[in-house]
Each structure stands twice: as C-alpha cells, then as structure tokens.
Amino acid sequence: MHIPDGYLSPSTCAVMGAAMVPVLAVATKKVNETFDKKDVPTMAIGSAFAFTIMMFNVPIPGGTTAHAVGATLLAIALGPWGASISLTVALLIQSLFFGDGGILALGANSFNMAFVAPFVGYGVYMLLQKLKAGKVISSAIGAYAGINAAALAASIELGLQPVLFHTADGRALYFPYGLSQSIPAMMIAHLTIAGLVEAAVTGLVVYYLIKAGEDNLLYKFTYRLRGENK
Amino acid sequence: MKKLLIAAIVIILLTPIGLLAPGSAWGEWGIDEVKNMVGYVPNGMKHFSDTVKALFPDYGIPGFDKNFFQQSIGYIFSAIVGIAVIAIVFFILSKMIGRHEGKNE
C-alpha cells in the first residue's frame with residue numbers, strides 16, 4: 001500500500017501532505033495530554049512493531065503481494081493519535097532508508113496508513129466494545145475494517161490520477177490506471193488476504209496480551225482517553 | 001519485558017519469510033514494469049520516480065542480493081537498522097512530547 005514517488009502528481013502529494021499537518025498537530029497535543037515522557041518508548045515499540053510487520057509480504061492470487069500494517073493494534077494500545085505518530089515515523093523511515101513508499105508521497109501514505117487505518121480501526125473497535133463484543137473479536141474486526149479503509153483511500157488517490165492528469169492525447173502523466181481498475185485491484189487484495197492477515201495478527205496479539213495478563217498494555221495509555229478504569 | 005525482547009528477535013529473524021511472496025504489490029511497480037503493462041512510461045512518473053535514492057532499496061543491501069540467503073541477510077539487517085532508527089527518532093521525540101513525570105504512577 002506504499003505509494004511510490006511518480007505515481008501521484010505533485011499537487012496530489014501537496015494536498016495529502018497538507019491534510020496530515022493538522023492530524024499530526026492534534027496528535028502531538030493529544031499525546032502531550034495523555035502520555036508521560038517515560039511512556040514515549042512504548043510508542044517506539046509500536047512503531048517498530050508496525051515497521052517489522054509490514055515486511056511480511058503475503059502473496060495475493062494474481063501474482064501480487066500485500067501486507068499487514070498493525071494500525072488498529074497500535075490504535076488500541078496507544079490511542080489513535082499516538083498510533084498516528086508511531087505509524088508516521090515508521091513510514092518516514094521506510095521511505096527515507098528503504099525506498100518503500102515515496103518521499104513526496106509520504107503525506108498520502110501517512111494519510112492512508114497512519115490516519116485512516118488507525119482511526120477507522122479504532123472507531124470500529126470502540127463501537128463493538130460498546131455493543132459488548134469481546135476485546136479479541138472487536139480488535140480483529142476493527143483491524144479488518146481499518147486496513148481496508150486505508151486500501152480504499154490509496155486506490156482512490158491512485159485511480160484519480162489518470163482522470164486529473166493526462167496529456168492532450170490521453171496518456172497518463174502519473175499513475176496510469178483509473179478508479180475502475182485501481183479500486184477492485186486494491187480491494188480484492190485487501191478484503192480477501194491482507195485484511196484477514198491484519199485481523200489475525202491483531203486478534204492474536206490482543207488474545208495473547210490478555211492471556212498473559214499483560215492486557216494493561218491495551219489500555220495503559222488510553223484509559224484516560226476513553227474513561228475506562230483499569 | 002524479557003518476553004517482549006525474545007518475541008521481537010523471533011519476529012526479526014522471521015522477516016525473510018516476507019521475501020517468499022512473488023511479485024510486487026499492486027501499484028508499487030518499478031518503471032520497467034509499468035512500461036511493460038501500459039506500453040509507455042508516463043512522463044510525470046519518469047520525472048519523479050527517483051527523487052531520492054534509498055540507502056537500502058527494497059530492504060536489501062545493494063550488490064548483496066544475488067540469492068535468497070543474501071536477500072535474507074539484507075532483510076534482517078534492514079529490520080535491525082529500521083528499528084534502531086525508530087528508537088533514535090523516538091528518543092529525540094521524547095525530549096519534545098509527553099508530560100513530565102508525575103501523576104501517572
């Protein structure tokens with residue numbers, strides 16, 4: 001889901017980058033309110049976890065690959081704002097050092113994977129918690145929704161490119177496939193395989209943390225945010 | 001904490017499994033692949049595709065990616081480098097964000 005450079009027009013990159021500025025500003029404010037300085041290393045662990053989990057490419061029928069992101073897991077453990085910062089750092093390192101996702105496209109990639117994914121995932125998780133569903137099942141379904149929402153956002157950003165930016169004779173200037181190809185391709189990969197991997201990873205980690213009596217980690221930072229008592 | 005460290009090391013050592021999946025992710029092709037697929041390289045794509053040369057492209061060590069063993073070493077190395085840089089970034093961030101010690105004991 002890491003959009004490389006050259007795939008999005010500079011103006012699209014600028015719009016997506018601009019969209020991330022207020023997100024990160026509010027995220028910093030929220031983290032300042034809910035985290036103590038000694039808690040920041042937990043955000044680093046979340047970031048490192050997301051970074052590593054994204055290296056596990058899974059094959060998608062049709063010869064392409066996808067991967068889990070861990071966004072909803074981070075949102076449950078760190079709160080969605082803390083997750084947003086952690087994921088943005090992971091994406092920044094991926095683009096700068098490993099060429100995974102463009103530098104110009106960092107705003108778009110962060111918007112999809114560090115904003116849409118954790119917030120949609122967390123929203124669905126919280127909704128299911130309100131409906132008294134178990135933590136494991138809520139986290140898994142939230143994760144499935146979160147990564148698919150991010151994939152949809154990425155496919156729309158890509159698919160809009162040939163519509164908006166093309167030469168007089170109709171050749172694409174940037175990403176060449178339109179929405180009718182980008183949305184099904186991305187969504188089939190994520191609805192069938194990557195979403196299930198994300199759900200399984202998230203559900204298993206939450207299950208393990210509860211089972212190991214470490215479920216404190218699941219709300220140590222966010223109980224203040226959502227008023228849950230430990 | 002010890003358990004977490006062991007889990008982290010196991011995950012890092014397992015990352016080369018991710019190399020086994022064939023092909024690129026949809027929408028993450030190189031310029032040559034795009035040319036094969038649509039018959040031309042879009043102008044803007046050509047222009048912006050290599051804005052910055054990554055130090056370890058595709059989580060590999062340049063020139064040390066001839067076979068699965070070398071790629072695996074590159075992958076594990078990349079995971080360690082990535083995690084180390086993340087730790088440094090958050091060390092710096094911790095100077096700037098978070099409340100000072102206190103109420104949360």
Side-chain angles (χ1 to χ4, degrees), chain A residues 1-7 9-10 28 31-33 35-41 43-45 47-48 51-53 55-60 63-67 85 89-90 92-100 102-104 154-155 158 165 167 171-176 182 185-186 189 212, chain B residues 3-4 8 11-12 14-31 34 37-38 40 42-60 75 78-79 81-83 85-87 89-91 93-104:
Chain A
M1 212 189 296
H2 293 64
I3 300 172
D5 273 336
Y7 277 57
S9 77
T28 307
V31 165
N32 279 334
E33 287 166 10
F35 280 63
D36 288 333
K37 286 208 177 289
K38 66 177 166 50
D39 298 329
V40 175
M43 292 177 70
I45 293 172
S47 187
F51 177 90
T52 321
I53 210 77
M55 294 180 77
F56 286 90
N57 299 313
V58 289
I60 306 289
T64 67
T65 67
H67 55 74
I85 292 180
V89 171
L92 174 73
I93 309 294
Q94 286 172 334
S95 66
L96 282 177
F97 286 78
F98 305 103
D100 194 13
I103 312 257
L104 299 172
S155 68
L158 290 169
F165 309 100
T167 59
R171 282 191 166 196
L173 279 170
Y174 304 99
F175 189 72
S182 65
M186 287 293 282
Chain B
K3 268 191 219 160
L4 192 70
I11 293 174
I12 291 168
L14 288 178
T15 51
I17 291 175
L19 283 166
L20 295 173
S24 337
W26 198 89
E28 295 183 26
W29 315 288
I31 289 283
V34 172
M37 293 162 70
V38 293
Y40 63 95
N43 266 338
M45 193 177 257
K46 200 188 302 176
H47 192 249
F48 289 106
S49 63
D50 264 323
T51 36
V52 175
K53 200 104 189 84
L55 225 46
F56 308 107
D58 297 324
Y59 305 97
Y75 228 55
S78 294
V81 169
I83 291 168
V85 179
I86 285 170
V89 170
F90 274 97
F91 178 76
L93 280 180
S94 71
K95 304 285 169 205
M96 298 186 285
I97 59 174
R99 303 180 299 190
H100 280 281
E101 300 300 311
K103 300 157 240 168
N104 194 29

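Values below: all heavy atoms of this structure, side chains included; hydrogens, waters and symmetry mates excluded. Within every chain, numbering begins at 1; the chains are lettered A, B, ... in the order of the sequence lines, protein sequences first and strands thereafter.
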TODO: In sequence, state the C-alpha distance, the side-chain angles, and the governing distance for Leu55(B) and Val81(B), and then conclude on side-chain contact (heavy atoms from CB on, under 4.5 Å).
DONE: CA-CA 11 Å; Leu55(B) 225 46; Val81(B) 169; over 6 Å; no
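The greatest number of non-hydrogen atom pairs below 4.5 Å with chain B, out of Ser155(A), Gly63(A), Pro41(A), is found for Gly63(A). In terms of heavy-atom pairs under 4.5 angstrom with chain A, the leader among Gly60(B), Gly30(B), Ala54(B) is Ala54(B). Top candidate by heavy-atom pairs under 4.5 Å with chain A, chosen from Pro57(B), Ser78(B), Gly23(B), Ala87(B), is Ser78(B). Chain A forms more heavy-atom pairs under 4.5 Å with one residue of Ile31(B), Leu93(B), Leu14(B) than with any other, namely Leu14(B). For the set Gly99(A), Pro4(A), Ser47(A), Pro59(A), the count of heavy-atom pairs under 4.5 angstrom toward chain B peaks at Ser47(A).
Between Met55(A) atom CE and Ile11(B) atom CD1 the span is 12.0 Å, to the nearest 0.5 Å.
Judged purely by atom type and a 3.5 angstrom limit, Asn32(A) uses its side chain to pair as donor or acceptor with the backbone of Gly98(B).
Contacts of Lys46(B) with chain A are absent, with no heavy-atom separation under 4.5 Å from either backbone or side chain. Contact annotation for Met96(B): only backbone heavy atoms (N, CA, C, O) come within less than 4.5 Å of a heavy atom of chain A. Residue Phe91(B): no heavy atom, backbone or side chain, is found under 4.5 Å from chain A. Using a 4.5 Å cut-off between heavy atoms, Ile93(A) contacts chain B through its side chain alone, with no backbone atom that close. Of the two parts of Leu20(B), neither the backbone nor the side chain holds a non-hydrogen atom closer than 4.5 Å to a non-hydrogen atom of chain A. Interface residue Ala172(A): backbone and side-chain heavy atoms are both found under 4.5 Å from chain B. Both the backbone and the side chain of Thr15(B) come within contact range of chain A, with heavy atoms under 4.5 Å apart. Only the side chain of Pro10(A) comes within contact range of chain B, with at least one heavy atom under 4.5 Å from a heavy atom of that chain.
The shortest side-chain heavy-atom distance between Ser9(A) and Leu173(A) does not fall under the 4.5 Å cut-off.
Nearest heavy atoms, Met45(B) versus Phe175(A): CE-CA, 4.0 Å. Summarising the geometry of Ala21(B) relative to Val58(A), their closest heavy-atom pair is CB-C, 3.9 Å, with the distance given to 0.1 Å.
Between Phe51(A) and Phe98(A), the ring centre distance stays below 6.0 Å. Note: Tyr7(A) and Trp26(B) fail the aromatic proximity criterion, with ring centroids not under 6.0 Å apart.
Between Tyr174(A) and Phe165(A), the ring planes are perpendicular. Angles over 60° get that label, and only those under 30° would be called parallel.
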